[in-house]
Amino acid sequence: MDSVFFLFFLILFNSFLIWIIFANVRLVILNLLLMFVTPWVWTLILNAPTLRELSHVMPDELSISASVAQILSWDYLLFHGTPKLFYAVGEHGYFLISFLPLFIFGLWTLLGSNSAKQKSLAFLLLIGLGISIVFSKSVGLLSVFWFLPVVSIVGAVGLYKLIVIMTKTSSSLTFRLLILINILWILYETSRLFRVIQVQSTLQI
Amino acid sequence: MSLKKINLVLVLIIVLALVLRVYKLSDFAPGLYSDETAYGYNAYSLLKTGHDEFGEFWPVSFKSFGDYKPAMSAWLTIPSVLIFGLNEFAVRIPVALAGSATVLVVYFLAKEVFLIGNKKNARLYYFNLLPYSAATLLAISPWHLMFSRSSMLVGFEVMFTSAALLFFLRGLKNTNFWYLSAFCFTGAIYSYYGARVTTLLILLSILVIFKKEVLQKKREVFKGLVLALLLLSPLVWSIVHDPLTLTGRAKTVSIFFDPGIKSKLWEAHTLDGQNYPVILSRFFHNKTYFYFRDFARRYLEHFSFSFLFLNGDSHPPFFIPRMGVAYLADLLFFLYGLFLAVKVRNKRITLILTYLFIGPIVASLTFLTPAANRSFNLVIAWTMLTGLGIVRILYLVTNRKLITKATIGLIIAVYLVSLVYYLKIYYFVIPKEATVEWHYGRRELVGKIAKIQDKYEEVVISGSQGTAYIWLLFYQKYDPVKYRQTAVIDDVPDGLGWIQVRAFDKYKIERPFNWNNVSKKTNTLYVSFEDDIPSNWVGVVDGKKLEAFEVNKVLYPAGGNAFKLIELKAI
């Protein structure tokens with residue numbers, strides 16, 4: 001139950017942050033939808049590994065540079081996630097691979113925006129990363145939750161922007177096709193994620 | 001700045017690049033790697049006999065160890081072997097010069113991309129410094145220095161590829177340059193296996209990005225293509241004649257021959273269970289997705305903090321201890337340069353961005369990742385974008401009337417410290433920690449063998465580390481014709497695709513080496529890699545008691561046996 005409360009708090013925090021910065025209900029809803037197809041959220045819903053286990057799984061090396069390398073590695077974020085704990089969401093990272101274009105586009109949108117509030121989200125991400133790196137030694141892998149919710153928001157911003165572009169008839173056909181392919185790819189990976197969760201739930205841990 | 005001053009700065013940058021690449025070239029890296037030795041010896045063989053070590057007449061692909069090496073490295077080594085003789089300097093000087101030439105190419109390429117074709121942005125203050133900053137960054141780049149000081153194919157490939165891009169862009173105004181571009185693209189293909197894919201991708205990108213310009217000058221494009229095809233025809237013939245020229249290396253390194261993916265797929269299907277519909281199981285777990293996922297993971301590894309700034313390439317001999325392939329100082333400037341390049345992009349900048357993202361593709365198709373050599377094309381766009389970030393930050397600092405000189409001084413100081421740190425690792429740490437990986441000691445070993453080998457009927461060498469025969473050939477400047485007459489070579493490559501040379505002349509190479517299985521005689525010199533042969537060995541052979549006697553040895557710089565020369569005496 002502790003992980004569900006923790007997740008509830010994170011969802012609330014995310015929604016509040018989006019409302020403060022963007023004042024956009026559609027973005028809040030999109031963020032919620034995206035979170036519920038995100039592996040790290042399901043790790044908390046299923047409470048497997050439990051928060052207690054997560055807090056005890058230390059990085060392989062304890063130096064700050066090694067923590068930076070691990071936390072910032074694509075392998076960690078997109079492919080393997082919590083090392084050596086492959087149950088629940090199986091061999092998935094914290095995010096699906098198909099989210100990568102969303103992050104890139106979301107970050108681009110925020111950094112290129114004229115709004116200081118939107119730019120501040122990028123700085124919030126940096127702050128969260130910094131805290132994760134510094135405190136990864138003392139609280140184990142639980143510390144990554146300092147920046148994962150913000151990354152989810154960035155992804156939601158990216159997806160929102162891509163959907164807006166796709167629905168505009170003036171947009172290039174090639175670009176709209178690529179966005180459609182990305183969305184279909186997200187749907188495919190989401191179906192794989194739920195299938196893997198289904199399989200993992202039947203296994204003895 | 002006056003023209004004289006500008007040219008002087010450029011000359012100084014090239015001199016810096018040359019000095020960093022040529023200083024103590026024979027001794028650092030510490031040992032001539034097996035591939036370098038093979039290029040050198042095959043160049044020597046071509047010079048003397050017009051045939052490679054296998055007797056092929058001027059091949060466009062060297063069979064070598066069974067990896068069918070592209071020929072450009074050996075071809076370009078011929079003049080230096082002719083001038084300097086067959087030694088480490090002769091093998092490495094061509095790539096050192098190519099690396100220095102690449103610095104010059106990057107200067108002009110940066111000018112072509114950001115200044116000449118980009119007048120709007122050229123108005124930005126300090127932007128005219130961009131070619132200098134890009135060239136300087138490449139001159140001191142640890143990644144580029146590593147591959148400019150060892151003859152590992154990619155140094156030439158990147159020179160040709162970047163030159164091809166430069167000439168293509170020049171050709172947009174004067175199409176005669178497109179012949180040079182075609183020449184350089186084919187040069188890249190003859191230089192490195194991966195260029196066969198990289199060049200194709202770059203050409204497709206050019207076709208998409210510059211569709212209008214290419215269609216307007218169809219005749220000139222066609223002539224360039226015809227020239228390229230003519231130049232490539234010997235390679236095409238070689239592939240048709242022996243398909244292993246194309247596939248030989250791929251089979252040993254490609255992810256499509258990696259059994260790991262297949263076993264993961266099998267495991268996923270097994271977990272689904274026998275009652276689960278097959279069609280659904282294949283929908284969720286299929287080769288396409290698994291190979292794509294594996295490729296994506298390997299591709300993104302080349303943009304990871306660990307590879308770029310912390311650990312680099314972990315595969316010998318390309319790793320740089322205690323640092324990545326780029327300076328940590330590059331991080332901020334590169335990210336800012338990348339952001340700017342995307343923001344102000346035009347066709348030329350888009351081409352460079354495309355080149356950046358094409359760089360790791362070939363490496364990602366192999367299972368040894370991240371790979372500093374196979375993704376080496378990354379370094380060109382990396383330094384250009386980092387240079388862009390630096391000059392733009394300088395512009396911002398000036399614009400806001402901050403302390404400009406202090407900022408410039410700080411940037412120079414940071415890079416100076418980074419360069420000194422890298423040089424310390426290269427000249428002091430690598431010779432201690434990476435001597436095995438760089439095949440250290442072969443020169444000394446062959447020298448010691450050559451002095452005493454006439455006393456023995458046979459020389460039995462441990463093949464535990466590397467391809468022993470090539471160093472014997474290289475350091476003794478062995479007659480290629482005599483070698484071909486006496487060489488005993490396996491007909492079929494081993495499980496990893498390597499062709500084993502078992503013997504030539506009085507030399508016998510045992511691989512794998514197991515002292516217990518080696519035939520023991522008193523009139524034989526045994527060469528042990530490290531402690532393959534116990535120094536205190538005593539045994540009975542054919543009723544005679546024999547004892548191992550250490551005749552000589554080669555030590556690692558940090559201590560410890562690299563090689564031992566042992567004879568057996570009856571006691």
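Labels below follow one simple rule: chain letters A, B, ... track the order of the sequence lines, proteins then strands, and each chain is numbered from 1. Since this is a predicted model, take the numbers as computed values, not measurements.
The environment of CG in B:Leu215 is crowded: more than 12 heavy-atom neighbours from other residues, nucleotides or ligands sit within 6.0 Å. Atom CZ of A:Phe194 has more than 12 heavy atoms from other residues, nucleotides or ligands within 6.0 Å. For A:Lys161, the NZ atom sits in a loose shell: 12 or fewer heavy atoms of surrounding residues, nucleotides or ligands are nearer than 6.0 Å. For B:Glu267, the CD atom sits in a loose shell: 12 or fewer heavy atoms of surrounding residues, nucleotides or ligands are nearer than 6.0 Å.
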Original post:
Would B:Glu301 and A:Asp75 count as a side-chain contact (heavy atoms from CB on, under 4.5 Å) if you check the C-alpha gap in whole Å, the side-chain angles of each, and the deciding distance to 0.1 Å?
Top reply: CA-CA 7 Å; B:Glu301 274 183 315; A:Asp75 210 45; 5.5 Å; no

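Using the six-membered ring where Trp is involved, A:Tyr188 and B:Tyr289 have ring planes that are perpendicular, over 60° apart on the 30 and 60° scheme.
B:Lys343 is listed as a side-chain neighbour of A:Trp108, based on a closest heavy-atom distance under 4.5 Å. For the pair B:Arg293 and A:Ile97, the minimum side-chain heavy-atom distance is below 4.5 Å. Counting only heavy atoms from C-beta outward, the side chains of A:Trp185 and B:Phe292 approach each other to under 4.5 Å. Using a 4.5 Å cut-off on side-chain heavy atoms (C-beta onward), A:Ser191 and B:Phe284 make contact. Between B:Tyr276 and A:Arg195 there is a side-chain heavy-atom pair separated by less than 4.5 Å.
Taking NE2 of A:His80 as the reference point, atom CZ of B:Arg297 lies at 5.5 Å (rounded to 0.5 Å). Atoms CZ and CG, from B:Phe303 and A:Leu72 in turn, are 15.5 Å apart once rounded to the nearest 0.5 Å.
Residues of residues 413-426 of chain B having a heavy atom under 4.5 Å from any heavy atom of chain A: none.
Heavy atoms closer than 4.5 Å to chain A are found in both the backbone and the side chain of B:Leu271. Heavy-atom distances place the side chain of A:Leu100, and not its backbone, under 4.5 Å from chain B. Residue contact with chain A, scored on non-hydrogen atoms closer than 4.5 Å, is absent for B:Tyr299. Contact of B:Asp272 with chain A is made through backbone and side chain together, with heavy-atom distances under 4.5 Å.
When every heavy atom of B:Leu300 is checked against every heavy atom of A:Trp74, the shortest pair comes out as O-CD1, 3.0 Å.
Judged by distance alone, the side chains of A:Arg192 and B:His285 do bring a donor and an acceptor atom under 3.5 Å apart.
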